[in-house]
Amino acid sequence: MSSPKPLPFDPIEEARRQWTAHGWAQAADGMAAVTSVMRAQQIILARVDEVLRPFDLTFARYELLMLLLFSQAGSLPMSKVGNRLQVHPTSVTSAVDRLSSQGFVRRIPHPTDRRATLAEITPAGRDVATAATDRLNESVFANPDLSPDQITSLVEVLTEFRGRAGDF
């Protein structure tokens with residue numbers, strides 16, 4: 001996949017300049033911050049997607065596999081999966097359906113609650129989750145193009161932001 005040619009200027013800084021010129025100076029820095037986060041998310045997701053593509057996984061399905069891999073029993077109620085991943089139940093159902101068709105997850109009855117269904121990682125799911133994690137660690141997570149101090153600062157700022165937003 002080829003990268004687009006870099007622009008000769010920072011488009012977000014130009015947008016900030018335009019915001020100010022059009023009388024929205026009080027919101028210009030906030031617009032630049034939000035737009036910068038959104039663009040950074042696009043860049044990071046493209047890198048992650050490139051690594052996960054050979055495994056036929058999206059980041060959402062990868063996260064679900066890792067949640068199940070890290071769980072004590074290798075399984076969780078579908079409702080708990082949604083809560084932990086902070087996604088709508090429909091998204092969980094869709095991801096579990098896809099992972100199930102791939103042989104990475106199976107649905108099993110809850111042992112004590114007849115109304116609930118568990119999502120359980122399969123041995124093939126464990127294998128693909130581990131292999132994908134090795135590649136993500138090597139290609140993305142170990143070097144996110146930030147210094148160690150920048151990584152620490154970024155995580156602290158975003159953790160504070162997420163906390164204020166009610167994430168935890």
Side-chain angles (χ1 to χ4, degrees), residues 1-6 11-12 33-146 150-152 154-168:
M1 182 171 131
S2 66
S3 298
K5 185 178 176 184
I12 295 173
V34 169
T35 305
S36 293
V37 169
M38 299 296 283
R39 179 62 186 135
Q41 188 267 350
Q42 292 170 336
I43 293 166
I44 293 166
L45 189 56
R47 291 176 183 173
V48 168
D49 284 347
E50 186 175 336
V51 171
L52 293 177
R53 191 172 297 114
F55 300 98
D56 197 20
L57 292 174
T58 62
F59 191 64
R61 292 196 310 264
Y62 169 76
E63 283 185 303
L64 197 153
L65 284 176
M66 294 307 293
L67 178 64
L68 296 175
L69 182 72
F70 291 152
S71 69
Q72 253 182 344
S75 63
L76 288 169
M78 299 273 285
S79 61
K80 196 169 272 192
V81 170
N83 288 337
R84 298 243 174 108
L85 295 178
Q86 299 173 306
V87 298
H88 192 273
T90 305
S91 298
V92 174
T93 299
S94 175
V96 169
D97 285 348
R98 180 62 190 259
L99 290 168
S100 180
S101 73
Q102 293 175 280
F104 300 152
V105 169
R106 66 177 150 250
R107 285 183 174 84
I108 59 172
H110 193 288
T112 59
D113 183 353
R114 294 183 321 164
R115 299 165 298 167
T117 299
L118 301 177
E120 179 180 64
I121 194 167
T122 65
R126 287 179 185 281
D127 291 346
V128 78
T130 302
T133 299
D134 288 345
R135 287 293 321 280
L136 282 170
N137 284 341
E138 172 188 309
S139 302
V140 180
F141 299 153
N143 183 14
D145 289 333
L146 298 168
Q150 289 173 317
I151 292 168
T152 299
L154 180 62
V155 170
E156 287 173 356
V157 166
L158 294 176
T159 300
E160 190 176 315
F161 176 84
R162 291 176 32 247
R164 283 193 309 270
D167 234 12
F168 54 91

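The figures here come from the full heavy-atom set of this structure, side chains too, leaving out hydrogens, waters and symmetry mates.
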Engineer: How would you list all residue pairs meeting salt bridge (Lys or Arg N to Asp or Glu O under 4.0 Å) that involve residues 120-139, not counting sequence neighbours?
Structural biologist: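 Qualifying pairs: Arg106-Glu120.
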Engineer: Taking all non-hydrogen atoms of both residues, which atom of Gly103 and which atom of Ala124 are closest, and how far apart?
Structural biologist: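 Shortest heavy-atom separation between Gly103 and Ala124 comes out as O-CB, 3.7 Å.
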Engineer: What pairs with Thr35 under side chain to side chain contact (heavy atoms under 4.5 Å, CB included), at least two apart in sequence or on another chain?
Structural biologist: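 Expected list: Ile12, Met31.
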Engineer: If you count heavy atoms of other groups shown closer than 6.0 angstrom to CZ of Phe141, is the number above 12?
Structural biologist: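 Yes, because the 6.0 Å sphere around CZ of Phe141 holds more than 12 heavy atoms from other groups.
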Engineer: Does Ser71 use its side chain to pair, donor to acceptor, with the backbone of Leu68 at less than 3.5 Å?
Structural biologist: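 Checked: pair present.
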Engineer: With sequence neighbours excluded, what pairs up with Glu160 under the side-chain hydrogen bond (donor to acceptor under 3.5 Å, both in side chains) test?
Structural biologist: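 Partners of Glu160 under the side-chain hydrogen bond (donor to acceptor under 3.5 Å, both in side chains) test: Arg164.
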Engineer: Name all residues meeting the side chain to side chain contact (heavy atoms under 4.5 Å, CB included) criterion together with Pro11; count only those two or more places apart in sequence or in a different chain, and write none if there are none.
Structural biologist: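 Residues passing side chain to side chain contact (heavy atoms under 4.5 Å, CB included) with Pro11: Leu7, Phe9.
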Engineer: Test your reading of the model: is there a side-chain donor-acceptor pair from Thr133 to the backbone of Ala129, 3.5 Å cut-off?
Structural biologist: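 Checked: pair present.
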Engineer: Please find the pair of heavy atoms, one from Leu52 and one from Tyr62, that lie closest to each other, and give the distance.
Structural biologist: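 Scanning both residues completely, I find the closest heavy atoms to be CD1-CB, 3.9 Å.
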Engineer: Determine whether Arg61 and Asp56 make a side-chain contact, defined as any pair of heavy atoms from C-beta on separated by less than 4.5 Å.
Structural biologist: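 Yes, close enough: below the 4.5 Å cut-off.
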Engineer: First locate atom CZ of Arg98, then atom CG of Leu64, and finally report the distance between them rounded to the nearest 0.5 Å.
Structural biologist: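 Going from the CZ atom of Arg98 to the CG atom of Leu64 covers 13.5 Å.
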Engineer: What pairs with Asp97 under side chain to side chain contact (heavy atoms under 4.5 Å, CB included), at least two apart in sequence or on another chain?
Structural biologist: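 With neighbours one apart ignored, the set is Thr93, Arg107.
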Engineer: Show the atom names and distances, to 0.1 Å, of all donor-acceptor pairs under 3.5 Å that link a side chain in residues 72-82 to residues at least two apart or in another chain.
Structural biologist:
none

Engineer: Going by side chain to side chain contact (heavy atoms under 4.5 Å, CB included), name the residues that satisfy it together with Val155, two or more places apart in sequence or in a different chain.
Structural biologist: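 Val155: side chain to side chain contact (heavy atoms under 4.5 Å, CB included) contacts with Ile151, Thr159.
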Engineer: When rounded to the nearest 0.5 angstrom, what is the spacing between CG in Leu57 and CG in Leu65?
Structural biologist: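 Spacing of CG (Leu57) from CG (Leu65) equals 6.0 Å.
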Engineer: Under 3.5 Å, which donor-acceptor pairs do the side chains of residues 40-48 form with other protein atoms, sequence neighbours left out?
Structural biologist:
from  : atom 1 : to     : atom 2 : distance (Å)
Gln42 : OE1    : Arg39  : NH1    : 3.2
Arg47 : NH1    : Asp145 : OD2    : 3.0
Arg47 : NH2    : Asp145 : OD2    : 3.0

Engineer: Out of curiosity, Thr122 OG1 to Gln102 CD, how far, rounded to the nearest 0.5 Å?
Structural biologist: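 Thr122 atom OG1 to Gln102 atom CD measures 10.0 Å (nearest 0.5 Å).
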Engineer: Only counting residues at least two apart or in another chain, list the ones meeting side-chain hydrogen bond (donor to acceptor under 3.5 Å, both in side chains) with Asn143.
Structural biologist: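 Listed in chain order: nothing, the list is empty.
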Engineer: So, using side-chain hydrogen bond (donor to acceptor under 3.5 Å, both in side chains) as the criterion, who are the partners of Ser101 when residues are at least two apart?
Structural biologist: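 Scan of Ser101 (side-chain hydrogen bond (donor to acceptor under 3.5 Å, both in side chains), adjacent residues dropped) gives none.
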